Amino acid sequence: MSQLYLFNPGYEMEILYGKSHFTPPFTIQKMVADLELLPVWYGGGGSFTLVRNIKSTQFVKSMPKFFQQKLSSPMILNPMMRELFKCKKSGKKPNLPVLNVEVWGLSSRCLEVFQEFKTHGMNINIPEWKDEIGELTKRQTAATCLTRLQERCPITPTIEIPQFYTDIEGIKSYMQTHEAPYVLKTPLSSSGRGLHWIKDNKLATSDETWLSGSFKRQGAVSIEPALNKALDFAAEFYSDGEGNIEYVCLSVFETQANGQFVGCLLGTQESLLQRLNEYISPDDYMFLVEQIRQVLTEVIGNNYKGFLGVDMMIYHTNDGNYAVHPFVELNLRNTMGIVAMQLSMNFIHPESQGLFRINYYVYDAEQQHQRMMAESPLICENNLIRSGYLSLCPVYNDTHYLAFVEVF
């Protein structure tokens, strides 16, 4: 059965605000607009990707022909709605296969457009929204999983469980008994938002302002020690919605100092495990993955169907060694790590490595795109990328976000 994909970063904010009036921040709106074609690369041939830009079809046709058969087909929203109106008026059925809806991150709000499709005659299967999904998406779930994981397999040194408070006095009391620096997080956030660092053991005016706004919007904030990071990585899983969760792959990724995603390493799983082997052996990693899988099965059960990722971290300890934080975040959605895996499997030469990146430019995204194309021309071998630069989404003069691969 074919899939209909939708890229919807910012779904966490949709969960937070529910059915009430909500206007996403400009950065989220631009990410949606600039990167809406990203599912084309992980959806696969025979599937469809719902987009708004009518030029999207031209972009897919501009790709090498040996890529096109592997790519999802753009389904343009407004023309599709007009076609559905025509079919309904004439009594004809849309000339489409039965479609399963697959969204980047699930919220009740994002399913509304698919409900409208169904109302006007499209034969589609829409994911069921459960309030439990909204609760599981919050950071409290990651804290619960970390607690259970440390009970199942004691981590050395022990990781501090994030503590949640509903007022500034609670945060101050925590800081009196724990050493700086700290990281504060809102229960729901998107695309690197909702994180705040405090370097000292007292709150500055800017810290109190951030906390007051966060308490007002979300009711609670978590605090935990900020660790000296050496490497970000994640274990990616798939839940079938019937209580079974299976491990999919390892991803190794980069973030900015504020926690915002920058990019993932591209390459075979063997090469990624070799990168991780500088800090943790493959056997120890796989043992940890199995413990995480069992914890996820207990906590998530049959409440969620789809991909999910568990962010982890290698960090420097005070005695100069390395240690593992095994459960930094839970991403109850498709992830950039899954995208990187599918890019590596379907488009990257097995003897090459590279980066899948998401970059934000205030003014000159198009100029940067042109520069990278000139400096790193695309070279393919056996219908796979051997080296070079390739943008995964169209780039215009008003683009701010670039999604691309650099292969070497």
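Please read all numbers here as calculations on a predicted model, not as lab measurements.
- The shortest side-chain heavy-atom distance between Leu96 and Met75 falls under the 4.5 Å cut-off.
- In this structure the side chain of Leu308 reaches within 4.5 angstrom of the side chain of Ile300, judged on heavy atoms.
- The backbone N or O of Tyr401 sits nowhere less than 3.5 Å from a side-chain atom of Thr399 that would complete a donor-acceptor pair.
- Within 6.0 Å of atom CG in Asn95, 12 or fewer heavy atoms from other residues, nucleotides or ligands are found, so the atom counts as exposed in its surroundings.
- Panel note: side chain Ser344, backbone Ile348; no donor-acceptor pair is recorded below 3.5 Å.
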### Task
Step by step, work out the side-chain hydrogen bond (donor to acceptor under 3.5 Å, both in side chains) result for Gln150 and Thr158.
CA-CA 8 Å; Gln150 293 199 132; Thr158 301; 5.1 Å; no

### Task
Tell me, with the steps shown, if Tyr360 and His400 meet ring-ring contact (aromatic ring centres under 6.0 Å, His included).
CA-CA 6 Å; Tyr360 177 80; His400 288 290; 5.7 Å; yes

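- Asp364 meets the side chain to side chain donor-acceptor pair (under 3.5 Å) test with Gln368; sequence neighbours excluded.
- Glu381 pairs by the salt bridge (charged side-chain N to carboxylate O under 4.0 Å, His left out) definition with Arg386, not counting sequence neighbours.
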### Query
Could you go step by step and tell me if Ile168 and Glu208 meet the side-chain contact (heavy atoms from CB on, under 4.5 Å) rule?
CA-CA 7 Å; Ile168 290 180; Glu208 294 196 6; 4.3 Å; yes

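- Ile15 and Ser107 get closest at one heavy-atom pair: CG1-CB, 4.0 Å.
- The closest side-chain heavy-atom distance from Val252 to Cys264 is not below 4.5 Å.
- Asn382 contributes no side-chain N or O that, together with a main-chain N or O of Leu384, makes up a donor-acceptor pair within less than 3.5 Å.
- Counting all heavy atoms, side chain and backbone alike, Leu390 lies closest to Leu378 at CB-CD1, 4.1 Å.
- For Asn53 and Ser56, the side-chain atoms include no donor-acceptor pair closer than 3.5 Å.
- A donor-acceptor pair under 3.5 Å is absent between the side-chain atoms of Glu224 and the main chain of Gln163, judged by distance alone.
- Within the 4.5 Å cutoff, the side chain of Met372 has heavy atoms near those of the Leu402 side chain.
- In this structure, Cys145 and Phe327 have side chains that are in contact, with non-hydrogen atoms separated by less than 4.5 Å.
- Put simply, the side chain of Ile358 does not reach to within 4.5 Å of the side chain of Val262, judged on heavy atoms.
- Relative orientation of the Tyr165 and Tyr174 rings is perpendicular, given thresholds of 30° and 60° on the angle between their planes.
- Contact check on Glu128 versus Lys305 returns no salt bridge, with no Lys/Arg side-chain nitrogen under 4.0 Å from an Asp/Glu carboxylate oxygen.
- Note on residues 59-99: pairs passing ring pair (Phe, Tyr, Trp, His ring centres under 6.0 Å), not counting sequence neighbours, are Phe67-Phe347, Phe85-His120.
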### Message
Assess the residue pair Leu265 and Arg275 against the criterion (side-chain contact (heavy atoms from CB on, under 4.5 Å)); give the C-alpha distance rounded to whole Å, side-chain angles, the decisive distance to 0.1 Å, and a yes or no.
### Response
CA-CA 10 Å; Leu265 295 185; Arg275 174 75 174 92; 4.2 Å; yes

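- When side chains are defined from C-beta on, Ser281 counts as touching Asn277, because their heavy atoms get closer than 4.5 Å.
- Counting heavy atoms of neighbouring residues, nucleotides and ligands inside a 6.0 Å radius, atom CG of Asn321 exceeds 12 of them.
- Distance CG/Leu392 to CZ/Phe404: 9.0 Å, rounded to 0.5 Å.
- Ion pairing of Glu112 with Arg109 is absent here, as no side-chain N (NZ or NE/NH1/NH2) approaches a carboxylate O to less than 4.0 Å.
- For Asn8, the side chain to side chain donor-acceptor pair (under 3.5 Å) test picks out no residue, with sequence neighbours left out.
- Checked by atom type, the side-chain pair Asn359/Tyr361 shows a donor-acceptor distance below 3.5 Å.
- Between the Thr335 side chain and the Asn331 main chain, no donor and acceptor come within less than 3.5 Å of each other.
- For the side-chain hydrogen bond (donor to acceptor under 3.5 Å, both in side chains) condition, the pairs that include at least one residue of residues 31-47, sequence neighbours left out, are Lys30-Asp34, Ser47-Ser72.
- Side chain of Thr141 to backbone of Glu135: a donor-acceptor contact under 3.5 angstrom is found.
- With rounding to the nearest 0.5 angstrom, the CD atom of Gln68 is 9.5 Å from the OG atom of Ser73.
- Judged purely by distance below 3.5 Å, without hydrogens or angles, the side chains of Glu12 and Thr137 never pair a donor atom with an acceptor atom.
- A pairwise comparison of heavy atoms in Arg333 and Tyr11 identifies CD-CE2, 3.3 Å as the closest pair.
- In this structure, OG1 in Thr209 is found 10.5 Å from CG in Leu203, a value given to the nearest 0.5 Å.
- Inspection of the Tyr182 and His196 side chains reveals no N or O donor paired with an N or O acceptor under 3.5 Å.
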### Message
Go through it in stages, so that I can follow the logic: the residues are Met175 and Ile198, the test is side-chain contact (heavy atoms from CB on, under 4.5 Å), and I'd like the CA-CA distance, side-chain angles, deciding distance and then a yes or no.
### Response
CA-CA 10 Å; Met175 295 170 66; Ile198 299 178; 4.2 Å; yes

### Worked check of side-chain hydrogen bond (donor to acceptor under 3.5 Å, both in side chains) between Thr255 and Lys229
CA-CA 10 Å; Thr255 58; Lys229 178 177 64 179; 2.6 Å; yes

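- Summarising the geometry of Leu227 relative to His325, their closest heavy-atom pair is CD1-CD2, 3.7 Å, with the distance given to 0.1 Å.
- By the 4.5 Å heavy-atom criterion applied to side chains, Ile124 and Val98 are not counted as neighbours.
- By the neighbour-count criterion of 12 heavy atoms within 6.0 Å, atom NZ of Lys130 is densely surrounded, having more than that number from other residues, nucleotides or ligands.
- Taking each heavy atom of Leu136 and Asn303 in turn, the nearest pair found is CD1-CB, 3.9 Å.
- Side-chain contact of Glu270 with Gln274: a donor-acceptor pair under 3.5 Å is absent, judged by distance alone.
- Within the model, atoms CZ of Phe233 and CG of Leu276 stand 5.0 Å from one another, a figure rounded to the nearest 0.5 Å.
- Closest heavy-atom contact between Leu106 and Trp129: O-CZ3, 3.4 Å.
- In this pair, Tyr247 and Phe237 present their aromatic rings perpendicular. The plane angle is above 60°, beyond the 30 to 60° band.
- For the atom pair CZ of Phe287 and CD1 of Ile292, the computed distance is 10.5 Å after rounding to the nearest 0.5 Å.
- Results of the side chain to side chain donor-acceptor pair (under 3.5 Å) test with Arg371 over Glu375, Gln367, His369 single out Glu375 as the only residue that passes.
- The CG atom of Leu99 lies 8.5 Å from the CG atom of Asn125; values are rounded to the nearest 0.5 Å.
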#### Entry: Test side-chain hydrogen bond (donor to acceptor under 3.5 Å, both in side chains) applied to Glu290 and Gln294, step by step
CA-CA 6 Å; Glu290 176 56 22; Gln294 292 185 34; 2.9 Å; yes

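- Listed by first then second residue, pairs satisfying salt bridge (Lys or Arg N to Asp or Glu O under 4.0 Å) with a partner in residues 61-85 number zero, not counting sequence neighbours.
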